[in-house]
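Each chain gets a letter, A, B and so on, in the order its sequence line appears, and its residues count up from 1.
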Protein chains: 2
Amino acid sequence: MRDFKRRSRVLLIDDNADHLRGVKELITLESCYEVVGTTTSANIGINLAKKYHPDIILMDVNMPEKDGLQAIQEIEKLDLDIRIICLSGYDDADLIFRAMKIGAKGYVLKTMASAQLIYAMDEVAAGKIYLPTALTSRFFEYFQNSFREDTKASAEENLLTYLTAREEEVLDLLTQGNNYKAIAGKLFISETTVKTHVNNIFQKLQVNDRTQAVLYALNNGFANRRLSKIAV
Amino acid sequence: MRDFKRRSRVLLIDDNADHLRGVKELITLESCYEVVGTTTSANIGINLAKKYHPDIILMDVNMPEKDGLQAIQEIEKLDLDIRIICLSGYDDADLIFRAMKIGAKGYVLKTMASAQLIYAMDEVAAGKIYLPTALTSRFFEYFQNSFREDTKASAEENLLTYLTAREEEVLDLLTQGNNYKAIAGKLFISETTVKTHVNNIFQKLQVNDRTQAVLYALNNGFANRRLSKIAV
DNA sequence: GGATATATCAATCTAAAGATGTAAGACAAA
DNA sequence: TTTGTCTTACATCTTTAGATTGATATATCC
């Protein structure tokens with residue numbers, strides 16, 4: 001399987017020596033992957049990653065000394081195109097979310113069948129991102145929960161809906177930091193007209209100045225259609 | 001299946017009448033679900049949702065008249081505990097992301113086998129969130145990508161790091177829509193001092209006015225470790 | 001046809017924001 | 001001690017922002 005190119009090389013990082021040995025045996029005996037290194041230390045693991053450039057790292061995320069997530073971040077920063085799969089004893093939604101956020105390509109529970117781990121490695125080796133169905137569900141519960149508050153706030157009444165098309169255009173330019181003159185220039189209308197629109201926007205959004213208008217817009221789904229960030 | 005309680009009731013919304021008929025037949029003949037309504041109009045669909053309180057809605061997200069995502073948002077706002085599964089012709093990552101963000105409990109491609117749709121409905125009816133493995137992978141590529149830029153952007157040079165502690169306080173109040181007087185009052189300093197700080201902030205962030213300063217702050221991780229929103 | 005909503009523009013005025021220069025006290029590092 | 005940064009503060013001035021009133025043209029809706 002995928003042996004036509006070359007065997008994918010795997011590095012194992014797990015502070016539990018027993019589990020480490022077990023996984024190594026599993027991979028060596030029941031898969032096409034080559035284990036190029038094993039370690040119980042996250043820090044050593046990072047160095048081994050630099051040294052051997054494995055294709056895949058299986059990383060335990062529950063380690064005392066150094067947090068597995070931290071180790072993932074450090075390895076990701078190296079930008080070595082190493083694909084990391086998390087091994088974890090817990091299906092904690094927050095943990096899954098953070099792992100995927102910082103770039104893990106997979107997340108498998110230690111309690112899952114060994115076939116599942118091999119399958120995850122196959123998928124990840126093929127360039128995909130793999131999360132077991134059950135964990136996917138947990139991830140999305142957490143993911144959607146982080147937005148629900150926002151939705152509720154704007155669910156009450158989104159004043160943005162009262163804006164006319166033109167006013168939305170003006171507001172959009174406001175949310176890009178334009179002043180009256182710049183907006184007038186971009187919309188090919190006079191500055192006084194822009195002032196009229198802006199004043200109407202203030203009335204409708206019930207704010208006093210452009211900064212508040214911009215903040216209202218950004219906090220109430222005035223989609224600049226690009227993402228903003230989520231804290232780790 | 002799950003018939004021990006009662007048959008889950010399903011509402012179908014799809015502007016393609018042919019596809020609508022096909023799905024209805026599929027569900028009626030090959031599943032335990034009861035179709036309580038079908039419509040080709042998103043707006044009518046919203047009203048039917050209010051009227052019938054179905055357990056599940058299958059929603060086409062590629063409709064002309066009204067955007068399917070918009071319809072989902074409106075239904076979610078009603079807070080009727082209706083679980084919505086997206087039906088789509090496209091495995092567009094952005095579309096999947098936005099759908100899941102606003103609360104869809106599943107996302108299935110029209111090209112997928114009918115068994116997959118039934119399976120998705122079973123999972124969703126059981127309270128889970130379901131995304132086919134292939135789409136999960138696409139979702140996470142998009143998801144992780146949305147953070148990579150940030151990391152890089154803020155890695156280049158984040159001008160926010162040049163701010164002093166006091167300037168950060170002032171900027172924080174700026175990002176809450178305060179004017180000079182309000183900031184002076186909250187920090188127990190004079191208005192002229194606030195002006196000094198604000199001017200220094202402008203210099204350091206290389207912007208011309210407070211709106212631009214606020215936008216810079218929000219776009220460069222001035223979000224104080226709480227989740228911020230992602231635009232739909 | 002008349003009511004209503006929208007988009008355009010102008011004049012005027014007040015308040016707020018922003019630019020610039022100066023400076024004193026606190027405090028920490030060299 | 002000196003140097004430097006930070007915080008505070010004031011004066012002055014120009015520019016921009018915002019409020020208000022009024023007016024015209026163009027649609028759309030009933």
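Look at CD on Gln203(A): it is 14 Å from P on dT6(C), rounded to the nearest Å. As rounded to whole Å, 14 Å separates atom P of dA7(C) from atom CG of Leu171(A). Counting to the nearest Å, the P atom of dT16(D) and the CG atom of Leu174(A) are 16 Å from each other. Rounding to whole angstrom units, CD1 of residue Ile201(A) and C1' of dA7(C) are separated by 13 Å. Taking atom CD of Glu168(A) as the reference point, atom C1' of dA7(C) lies 15 Å away to the nearest angstrom. Atom CG of Asn200(A) is separated from atom C1' of dT8(C) by 12 Å (rounded to the nearest Å). Counting to the nearest Å, the P atom of dT6(C) and the OH atom of Tyr162(A) are 13 Å from each other. Atoms NZ (Lys204(B)) and C1' (dT7(D)) sit 11 Å apart, rounded to a whole Å.
At dA19(C), one or more side-chain N or O atoms of Asn199(B) fall inside 4.0 Å of OP1 or OP2 (strictly under the cut-off).
Looking at heavy atoms from C-beta onward, Leu58(B) lies in side-chain contact with Leu117(B) at the 4.5 angstrom threshold.
Mapping Glu167(B) and Asp209(B) onto DNA chain D via the closest heavy atom, the residue that lands nearer the 5' end is Glu167(B).
Both the sub-6.0 Å distance and the 45° axial angle are satisfied by Arg210(A) relative to the ring of Tyr180(A).
Counting only N and O atoms by type, the side chains of Gln176(B) and Asp172(B) include a donor and acceptor under 3.5 Å apart.
Remark: Glu169(B) engages Arg166(B) in a salt bridge, criterion side-chain N to carboxylate O under 4.0 Å.
The aromatic rings of Phe97(A) and Tyr142(A) are tilted relative to each other, their planes meeting at an angle between 30° and 60°.
Listed in residue order, the members of residues 177-198 of chain A having a heavy atom less than 4.0 Å from DNA chain D are Asn179(A), Tyr180(A), Lys195(A).
Judged purely by atom type and a 3.5 angstrom limit, Thr136(A) uses its side chain to pair as donor or acceptor with the backbone of Leu131(A).
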